[in-house]
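In the text below, chain A, chain B and the rest are named by the order of the sequence lines, each starting its count at 1. Atom set for the values below is all heavy atoms of this structure, side chains included, hydrogens, waters and symmetry mates excluded.
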Amino acid sequence: MKKHVVSVSLGSRHRDQSGELTLLGETVRVSRQGTDGDLAEAEAMIRELDGTVDAIGLGGIDRYLVVRGRRYEIQDAVRLAHAAKRTPVVDGSGLKDTLERTIIAELDRDGWIHSGQSVLMVSAMDRFGMAETFEKLGYRLVAGDLIFSSHINYPIRSADELEEMARKLLPEVTRMPFSQLYPVGKEQTEDSDPRYARYFEEADIIAGDFHYIRRYMPPSLAGKVVVTNTTTQADVDRLREKGVRWLVTTTPVLAGRSYGTNVIEAALTAASGIGAENPRWPTVVEAAHLDGSRLKLND
Amino acid sequence: MTLLDALQQFVTECNQNARLREMNRDWTRRIQLDPDDTHQQHWLVSDAGELSAGEGAIDNPDMRIQAPEDILTQIFSGQMTPTEPYNAGDLLVRGQQDDIMRLDILTLLIWGE
């Protein structure tokens with residue numbers, strides 16, 4: 001019997017989609033259901049799905065932010081996760097900290113990106129593994145966590161500084177309402193805001209959360225490499241128009257859509273019966289051969 | 001410690017910290033503090049990242065922060081984070097969400113951990 005997983009997202013309903021994935025020889029039906037930022041609706045939806053599907057993904061919100069082995073928990077996500085008593089609820093952080101490190105190392109090894117290039121990570125506290133890998137491989141890192149989430153025009157320029165900031169900020173910030181920290185619902189479809197265009201212009205590689213990229217990207221991204229996920233076909237077309245050279249997604253593409261890490265982690269949990277807490281998880285991720293995608297958009 | 005002592009300590013910490021000055025270089029705001037028990041108003045001003053503080057009212061504030069004086073003193077001296085009194089309803093902040101978040105971040109970067 002096919003496994004079935006559902007991603008309950010705080011994002012826009014306009015991005016809902018469903019499809020099938022084959023992982024570890026199992027076919028998994030995946031669907032994404034947006035709630036336009038309505039936390040109460042998301043909680044009710046998870047309660048209703050509990051016990052009826054094989055895994056639930058939390059979309060548009062992280063539960064865990066993992067920074068150098070220290071794990072910070074966003075309280076609004078904890079509330080959502082606790083709405084399910086029987087079905088595992090995952091947020092994608094189990095993949096971000098494993099798969100995304102590997103994908104960056106492979107891009108570098110294969111010559112798609114080059115040591116010494118500058119990387120803008122629009123947010124990195126939610127993708128510390130990726131940020132750390134870029135830095136270890138010799139890329140010049142700019143993390144825009146304060147710029148894009150709080151409009152404080154201060155680029156974080158190293159993984160050490162990022163870790164220091166996380167240690168000071170995250171214990172408290174994770175207790176704040178999530179809507180104060182990250183665009184949810186209709187905020188995700190607001191018009192472009194070019195205030196911080198120079199950080200995009202100065203970067204060779206733009207990486208991280210697609211909602212921040214979409215919201216703040218300038219009119220031209222000519223020649224850039226973009227590393228992200230959750231893109232739709234319309235997003236891909238828009239990046240092509242802006243001149244992006246390569247689009248790399250860290251999750252597989254199905255019918256033109258790259259799903260969120262939470263969806264893929266839910267599918268992998270359902271297919272393997274093993275969650276990210278299990279010491280065997282990295283082996284499961286490796287065995288699943290989750291390659292993501294590399295798409296040439298312009299010469 | 002009085003509220004004025006706490007604000008002056010906060011101002012000194014911000015002004016002497018190169019990273020915080022860089023963060024606030026484009027931030028010019030007038031903030032009114034309204035203790036709802038003692039009614040002894042205080043102010044905090046950022047002029048392109050150069051902070052100052054004093055007693056009394058300020059004209060045309062961009063932001064108003066209302067709480068018992070002891071809570072305001074504890075927040076600006078790093079003995080309490082703003083989240084707890086805010087969630088308990090003891091701290092009322094009126095202003096732009098970005099400014100509120102920035103003040104939270106400044107206090108956490110000075111006294112966090």
| said: Once rounded to the nearest 0.5 Å, what's the spacing between atom CD1 of A:Ile46 and atom CZ of A:Arg79? | reply: 10.0 Å

Side chain, backbone, both or neither: which part of [X] has an atom under 4.5 Å from a heavy atom of chain A?
X        : answer
B:Asn87  : side chain
B:Arg25  : side chain
B:Met101 : side chain

| field | Side-chain donor or acceptor of A:Asp204 paired with backbone N/O of A:Ser118 under 3.5 Å | value | yes

| Checking A:Leu146 against chain B: side chain, backbone, both or neither under 4.5 Å from a heavy atom? |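 A:Leu146 touches chain B through side-chain heavy atoms alone.
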
| message | Just checking B:Glu22: does its CD atom have more than 12 heavy atoms from other residues, nucleotides or ligands closer to it than 6.0 angstrom? | response | yes

| Going by distance alone, is a donor N or O of one side chain under 3.5 Å from an acceptor N or O of the other, for A:Asp91 and A:Ser93? |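 Yes.
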
